[in-house]
Amino acid sequence: MSATLAADTRPADGRISQLNAVSSRRVIDPESFEWGSMRPGAVIGRELLSVHDLDLDLSEEELDRLSREQVASMLDAGVRFEAALTAGFALQIAEAPDVTDPRIVYMFHEIGEETRHSRAFVRLIHELAPTARNPFERGPAGWFGHRMMRWAVSQPALLTVLILGGEEIPDLLQRIASEHPDTDPLLAAVNRYHRQEEARHLSFARTVLPELWAEAPPRERRRIRWLAPRIIQVLFDTMVHPGVYRAAGLPGWETWKAVRRSPSRVALRHTATRPILATLLSTGVIDAGRVPRPWQHLCGVDRHGDPRPGDVPVPGLRAS
Ligand SMILES: [Fe+2]
Ligand SMILES: [Fe+2]
C-alpha cells in the first residue's frame with residue numbers, strides 16, 4: 001500500500017468510499033439464519049456432485065453422504081481462504097503509512113464481513129456433520145501449503161489476484177447451488193447472503209488491482225503472470241479433497257484425480273475462472289494476444305483470452 005495522506009486523493013478513492021458506505025449500512029449477522037433447519041440426507045442436487053461424469057455405482061445413501069461431504073469440504077476451504085485473506089489484509093493495515101486511507105477502512109469492513117461468513121460456514125459444517133479427513137491439511141502437503149499461503153499473503157498485488165480467484169470461483173458455485181431446486185433451503189440462503197457481500201469484495205479487488213500492479217516489483221508481476229494461475233488451479237482442485245470420496249466408500253486419490261480431469265469439472269473450472277482473467281485483461285495486468293500459457297490452461301482460452309471451444313455444458317448452470 002503506497003503512502004497516502006488524507007488530503008492526497010487518488011482516482012479510486014471515490015469508488016472505495018462508496019463501498020465503505022454500503023458495507024456500513026448492510027450488516028447481516030449470521031445468527032439471523034434458521035440454524036438447526038438443515039434437512040437430513042442430500043443437500044445439493046445429484047447433478048452438482050463433483051463425480052457427476054464418472055458413472056459410479058453408488059447407493060442413494062452413499063450419494064447423500066457424498067453431497068454432505070462435498071459441501072462441507074468446500075465450506076472448510078472457504079473458512080481457510082477467508083482467514084488467509086484476513087492475514088494478508090492485516091499485514092497491509094499494520095504496515096500502512098496512513099490508516100485513514102479509504103482502502104484501509106474498506107479492509108476493516110471486509111475482514112468483518114469475512115469473519116461473519118466464516119461463522120456461518122462453520123455452523124453449516126456442524127449441521128452437515130462430515131467425517132472426511134483432508135489429506136492436504138496434514139503431512140508434507142499441509143506443511144508446503146501453509147508456507148505457500150504465508151508467502152503469498154505478504155505480496156499485495158499477488159494476494160489481490162488470488163482473492164479474485166478465491167471469490168470468483170465460489171461465486172459461480174454458490175450461484176449454481178442457490179438457484180438449483182434441490183439445494184437445501186438453509187444452504188441456499190447462506191449462499192445468497194455470501195454472494196451478495198462478496199460482490200462488494202470483488203469490486204474492491206478489481207478497483208485496487210491497477211494501483212497495486214503499478215507498485216508491484218517485477219518479480220511479483222512475474223508471479224502473477226506465471227504462478228498465480230497454478231495456485232488458483234490448486235485452490236479449485238482441492239476444494240473437494242480426496243477424503244470426501246473415501247468417506248463415501250470410494251478410492252480417495254483415484255477418484256479425486258478422475259474428477260479433476262472430468263469434462264464437467266474442467267468446464268466448471270473454465271467458466272469460474274474466466275472472470276478473473278477478464279479483470280486482468282481489462283486492468284492491463286495481462287495484454288490480450290499475450291495471455292501466458294498457465295492462464296490459458298486454467299481458463300480454457302487462447303492467447304487472446306477468447307474461450308476455446310469444446311467444453312461440455314456446466315451442470316446446473318442456467319443462463320443469467
Ligand atoms: Fe466471504
Ligand atoms: Fe470476500
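Every number for a ligand or one of its atoms is a count from 1 in the order of the listing.
- Distances from the Fe ion (ligand 1) show that Glu82 has an N/O/S atom below 2.8 Å.
- At a cut-off of 2.8 Å, Glu114 coordinates the Fe ion (ligand 1) through an N, O or S atom.
- The nearest N/O/S atom of His117 to the Fe ion (ligand 1) is ND1.
- Sorting the N, O or S atoms of His194 by how far they are from the Fe ion (ligand 1) puts NE2 first.
- The Fe ion (ligand 2) lies closest to atom OE2 when only the N/O/S atoms of Glu167 are considered.
- Using a 4.5 Å heavy-atom threshold, the side chains of Leu209 and Leu280 count as touching.
- The environment of CD in Glu47 is crowded: more than 12 heavy-atom neighbours from other residues, nucleotides or ligands sit within 6.0 Å.
- At a threshold of 2.8 Å, the Fe ion (ligand 1) has a backbone or side-chain N, O or S atom of Glu198 nearer than that distance.
- Both tests hold for Arg221 against Trp213: distance to the six-membered ring centre under 6.0 Å, angle to the ring axis within 45°.
- Not one N, O or S atom of Glu113 sits under 2.8 Å from the Fe ion (ligand 2).
- Look at His201 and the Fe ion (ligand 1): no N/O/S atom of the residue is under 2.8 Å from the metal.
- Residue Arg219 places its CZ atom among 12 or fewer non-hydrogen atoms of other residues, nucleotides or ligands, all under 6.0 Å distant.
- Checking each of Gln196, Arg195, His194, Arg200 against Glu198 for a side chain to side chain donor-acceptor pair (under 3.5 Å) leaves exactly one that passes, namely His194.
- Arg223 forms no cation-pi arrangement with Trp226, by the criterion of a distance under 6.0 Å to the ring centre and an angle within 45° of the ring axis.
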